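Note that ligands are numbered from 1 as they come in the structure, with each ligand's atoms numbered from 1 the same way. None of the values given here were measured: they were computed from a predicted structure.
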Amino acid sequence: MIEPEFERLYEDMGRNHIQPLWRAESSVMPSEPAPKTIPWIWKWSQLSSLARRSGELVTLSRGGDRRALGLANPGLGGFPYATATLWAAVQWLNGGEVAPAHRHSAQAVRFMIDGEGAYSTVQGDKVYLERGDFAINPPWHWHDHGSEGDGPAIWMDGLDVPLNNYLDAVFFEQGTKDVQEVTRVVDGSVLKYGLGQLRPAWEAPCQEYSPLCTYKWTATEQALNNLAKVSASPFDDVAIEFTNPHTGRPVMNTMTAWVQMLRPGIHTKAHRQVNSAVYHVFEGRGATIIAGVRFDWEQGDIFVIPSWAYHEHVNASKSERAILFSIQDTPVLVALGKYREEALATNGGHQETKEVFDAERTLAHR
Ligand code: 1HN
């Protein structure tokens, strides 16, 4: 029972748009992160068929200029956000199509899933993209993409759209021409910076984002195989981060991207971080146990690990590697001094698996 003078006080506060902290402390400041983002998985069987159907029905035009299927985390109230900070999508271009030039203050990365003759032109710099290639699109850089092949080009987009929106930092502009003029040598950024450890001597190092627009799959795969001969992380197995070759830092300010190889038979230990991540299964099959729930995955699937959720990865195959690509918002947390990580200390570093993920059951219990 709340006494009348208190009730009046709180009513008067409410009328004046004031809220007393002592009545809201635990929701304003819980003892540890309580993310709205929930662990989730989108199956490739669904994603690919919906993308294909969109390719048949939806034309690209000014105003609706990207055929990108945004992944809407069911914890985030209907917004097309995969996590509280990250947008993720599967984008589909039919053979011969162009996604017209535009630019925005959101930063983007792309990871090629399939397609021949796919290209992305970023600020006049045209690069061809093949399966496994990773490409970045710095903020406010003009970009158009296309497929010069007969078949579709399919990739995963990762953008900092939710963060950008939350910060009220959104700018967007459409180009006057669909296709930018190519003003540099095709694949020039790969030729210029692609070896990583050497840079043009007369240029100042690029600090804000990586000068290398595209990281070719052949180089990534070689780095994985080389690293596997030397060492691996107990939590992520053979994991590499794409870096700005000039600074050693993540390729962009708000997002980083990893590729990790889970070798046959690997079951990693569990840890958790203050960050959020969206994973794409590039190759193989396995499972990730997130907050005690097992998410079985196979090639093409996309899943989310929210902040501060314990997770561990399993590749049960005796002979086949599994490869995961991920985007993570870690650079934001690190830059703001909010990053933490912690290994699971109990049960030999492994979680107890309480259940296997079931989408309907998960939603029914919310
Ligand atoms: C965008 O410009 C692309 O350029 C992809 O391919 C996804 C999601 C939200 C806003 C802009 C692209 C996007 C996007």
Side-chain angles (χ1 to χ4, degrees), residues 42 47 50-51 54-55 58-73 76 78-115 117-130 133-148 152-180 182 189 209 213-214 251-255 257 276 278 280 302 304 325-327 329:
W42 292 264
L47 287 172
L50 293 168
S54 305
V58 179
T59 50
L60 291 181
S61 60
R62 300 243 150 239
D65 62 4
R66 294 294 184 271
R67 198 184 289 107
L69 282 70
L71 305 180
N73 187 295
L76 294 176
F79 284 95
Y81 301 162
T83 80
T85 54
L86 298 168
W87 161 289
V90 170
Q91 184 162 164
W92 177 288
L93 274 180
N94 292 319
E97 257 182 344
V98 168
H102 68 203
R103 62 177 175 175
H104 37 67
S105 53
Q107 325 191 343
V109 299
R110 305 182 210 295
F111 190 72
M112 274 300 285
I113 297 173
D114 207 1
Y119 69 86
S120 178
T121 305
V122 176
Q123 206 77 5
D125 196 348
K126 182 175 183 176
V127 289
Y128 283 93
L129 299 171
E130 300 164 304
D133 289 356
F134 169 71
I136 67 161
N137 197 145
W140 211 234
H141 279 44
W142 291 108
H143 53 284
D144 58 84
H145 328 291
S147 170
E148 292 176 357
I154 311 165
W155 64 78
M156 173 175 153
D157 290 304
L159 289 93
D160 65 356
V161 164
L163 180 70
N164 206 45
N165 287 352
Y166 188 70
L167 296 174
D168 285 334
V170 185
F171 292 90
F172 176 86
E173 188 180 350
Q174 267 173 351
T176 47
K177 285 191 290 188
D178 282 0
V179 179
Q180 291 169 77
V182 176
S189 104
Y209 48 81
C213 282
T214 303
V251 291
M252 303 255 240
N253 289 326
T254 57
M255 269 181 296
S276 64
V278 187
H280 164 68
I302 298 182
V304 159
F325 166 79
S326 62
I327 54 170
D329 60 4

Begin from the C-alpha positions of W42 and L69 and carry the test side-chain contact (heavy atoms from CB on, under 4.5 Å) through to its verdict. CA-CA 11 Å; W42 292 264; L69 282 70; over 6 Å; no

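Annotation for ligand 1: atoms under 4.0 Å from non-hydrogen atoms of Q91 are 5 (C), 6 (O), 12 (C). Under a 4.0 Å criterion applied to the non-hydrogen atoms of H102, ligand 1 contributes the atoms 1 (C), 2 (O), 4 (O).
Residues V278 and W87 form no side-chain contact, since every pair of their non-hydrogen atoms from C-beta on lies 4.5 Å or further apart. Under the 4.5 Å side-chain criterion, counting only non-hydrogen atoms from C-beta, I302 is in contact with V90.
Nearest to atom 14 (C) of ligand 1 among the protein's heavy atoms is L159 CD2, 3.9 Å. Of all protein heavy atoms, the one closest to atom 9 (C) of ligand 1 is V161 CG2, 3.9 Å. Shortest contact from atom 4 (O) of ligand 1 to any protein heavy atom: R66 NE, 2.7 Å. Looking only at protein heavy atoms, the nearest one to atom 11 (C) of ligand 1 is H104 NE2, 3.8 Å.
Here the two rings, on H145 and H143, have centers that are under 6.0 Å apart.
Note that CE of M252 is 6.5 Å distant from OG1 of T254, once rounded to the nearest 0.5 Å.
Of the options H145, H143, R103, the smallest heavy-atom separation from atom 6 (O) of ligand 1 is shown by H145.
Judged purely by distance below 3.5 Å, without hydrogens or angles, the side chains of Q180 and T121 never pair a donor atom with an acceptor atom.
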